[in-house]
4 protein chains.
Amino acid sequence: MNGTTNKVLLIGNLGDDLKLHHFDEQNCIGRFPIATTESYISRTGERITETEWHNIVTRNKLAELCDRYLKKGDKVFVEGRIKTRKWDDNGQTRYTTEIVANSIEFLTPKVENEHRQNTQSDQNKTNQSQNTTVVDPPFLAEGEDDLPF
Amino acid sequence: MNGTTNKVLLIGNLGDDLKLHHFDEQNCIGRFPIATTESYISRTGERITETEWHNIVTRNKLAELCDRYLKKGDKVFVEGRIKTRKWDDNGQTRYTTEIVANSIEFLTPKVENEHRQNTQSDQNKTNQSQNTTVVDPPFLAEGEDDLPF
Amino acid sequence: MNGTTNKVLLIGNLGDDLKLHHFDEQNCIGRFPIATTESYISRTGERITETEWHNIVTRNKLAELCDRYLKKGDKVFVEGRIKTRKWDDNGQTRYTTEIVANSIEFLTPKVENEHRQNTQSDQNKTNQSQNTTVVDPPFLAEGEDDLPF
Amino acid sequence: MNGTTNKVLLIGNLGDDLKLHHFDEQNCIGRFPIATTESYISRTGERITETEWHNIVTRNKLAELCDRYLKKGDKVFVEGRIKTRKWDDNGQTRYTTEIVANSIEFLTPKVENEHRQNTQSDQNKTNQSQNTTVVDPPFLAEGEDDLPF
DNA sequence: TTTT
DNA sequence: TTTT
């Protein structure tokens, strides 16, 4: 547009299940945190591990797919952009930085029959894994339209 | 290390000159803001332009190079990682998100003799551009050691 | 989709003008080479500079924009994917690797009135630069529809 | 360095085991292919799946780590740069494009005791998976020095 | 030649 | 709050 770019690429694990908020039949927003960790040897010779937390924001179809297929602990690849939001904290302006996802790849191999059905209740979200056939999760970039919901 | 990645790629313009802070002879930290802008057509048909500000943090040789060659308005390509810092605001914990740069490319073509000398005062930082030969700016990734300072 | 990603990010200079090929009124393809250079100090202490050439492929509106606004020597940021094409060389199968662009940012500042008009002939493609007001070049990602041609 | 960048980010699966070539005690090179797949709905309404093959090149410690921990079918995240090599094909100059890896993340969860030992023969490279404790593979960027070999 |  |  104007010779600028704002691009973020993260591979990390969900620290919690996605929270989905529906505005109406068509529009929803989903949020979940992911952790990335960095490890290095300090000047004094000890191994330091630093964890960074990222707030992922996703919308509409992509949000619904994530809600259906992702759960706490899963690994994802997120491609998106940095967005800092203003909010009012009792009269004080605060800022929160989020990652608005353009696409999300599901990197944790899924065990068949483990996928949540639309009609299942949330308690099925925990990992039961009675069966062992590993299958690929689907994927949907924002704006695509070819998945059945 | 652990199957995670935290990578940011930004192309934007400096909203202000770099602020350099020296800890000692060897170690310093530089900070500057860059803006990225996104433009799109809204549902109601108007063009929306959104500007995002990013706080860039750079250290040591790379910070000194940026201090010497970059000024407000210049365009850069920053490759780095997201880091959210905690700080104490009168007893309240606040968070600030920064981009820690691994490498910075200078994208604004330089006009010869315009480069600041170490001995020049800051008022020379404004763009005078009497001469017109375009030269390549130098570049240094963190950890490299082959530039003469 | 399937837990894979193929992403390329290049900043480089056009080694030649774009070649545009129209299939019909709607569809066209544009190609141009860009160079990236890497510089490092070898084990024997000399500075080595290596240039890499990348064949950029772009389609339809984005190709037309590039054809109109880019020329040899200009700097661009290309975001795309790697694609290796098979072709027949007198009965032998050969392979050519190209970068299929999703988006292209124009990083060379433009001087006003320098932009080529549709009705201008190609000899106007050389840089005349009589005027000096720097303006922002436009940008269009593949699939966008809001620019006037 | 000069305002250019050559960056590739791939997530894909190994189509074959790594081939390691030792030049001497210190220096070696490893090569392996990875596949990325793209899927989309064509104009005629059918789902098209396209596979792209990438030749990954890695050196020294990173190559040895990959040789030890990766095998055909595993998923990796590769960050590197595009490099096109010339070679002589009976007097004709041919070109091969490779991805020179700067860092590789191992994304396939490992089952404990499955890791190959230095003293194991290659036939142990096939996936036996008698045990079930999932452990993280190590990771080493080129130039790091903190792993025990 | 991979993966789903 | 994740993951190894």
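The chains referred to below are lettered A, B, ... by the order of the sequence lines, with proteins before strands, and numbering in each begins at 1.
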Please state how far atom CD1 in D:Ile56 lies from atom P in E:dT2, giving the value in whole angstrom units.
16 Å

Using the six-membered ring for Trp and the full ring for Phe, Tyr or His, decide whether A:Trp53 stacks on the six-membered base ring of F:dT2 (centres under 5.5 Å, planes under 30°).
no

Rounded to the nearest angstrom, tell me the gap between atom CG in A:Leu14 and atom C1' in F:dT3.
11 Å

Side chains of D:Thr5 and C:Thr36: closer than 4.5 Å at any heavy-atom pair?
no

Taking the minimum atom-to-atom distance to the side chain of D:Asp16, which one of E:dT1, F:dT3, F:dT1 wins?
E:dT1

Tell me: CD of A:Glu52 to P of F:dT2, nearest whole Å?
16 Å

Interatomic distance, C:Tyr95 OH vs E:dT1 P [rounded to whole Å]
11 Å

For C:Lys86 and E:dT1, give me the distance from atom NZ to atom P, rounded to whole Å.
11 Å

Spacing of D:Leu107 atom CG relative to E:dT3 atom C1', expressed in whole Å
13 Å

Closest of F:dT2, E:dT2, F:dT1 to the D:Lys72 side chain is E:dT2

Test for a donor-acceptor pair under 3.5 Å between the base of F:dT2 and the side chain of A:Thr51, counting only N and O atoms.
yes

For B:Glu79, check side-chain hydrogen bond (donor to acceptor under 3.5 Å, both in side chains) against everything at least two apart and list the hits.
B:Lys7

Would you say D:Thr84 and D:Thr97 are linked by a side-chain donor-acceptor pair, where the criterion is simply a distance under 3.5 Å?
yes

Just to verify, what does B:Asp88 make a salt bridge (charged side-chain N to carboxylate O under 4.0 Å, His left out) with, not counting sequence neighbours?
none

Nearest-angstrom distance from the residue atom NZ of D:Lys75 to C1' of E:dT2:
10 Å

Once you round it to whole Å, what is the distance between C1' of F:dT2 and CG of A:Asp74?
10 Å

When you get a sec, tell me which of E:dT3, E:dT1, F:dT2 is the closest nucleotide to the side chain of D:Asn13?
E:dT3

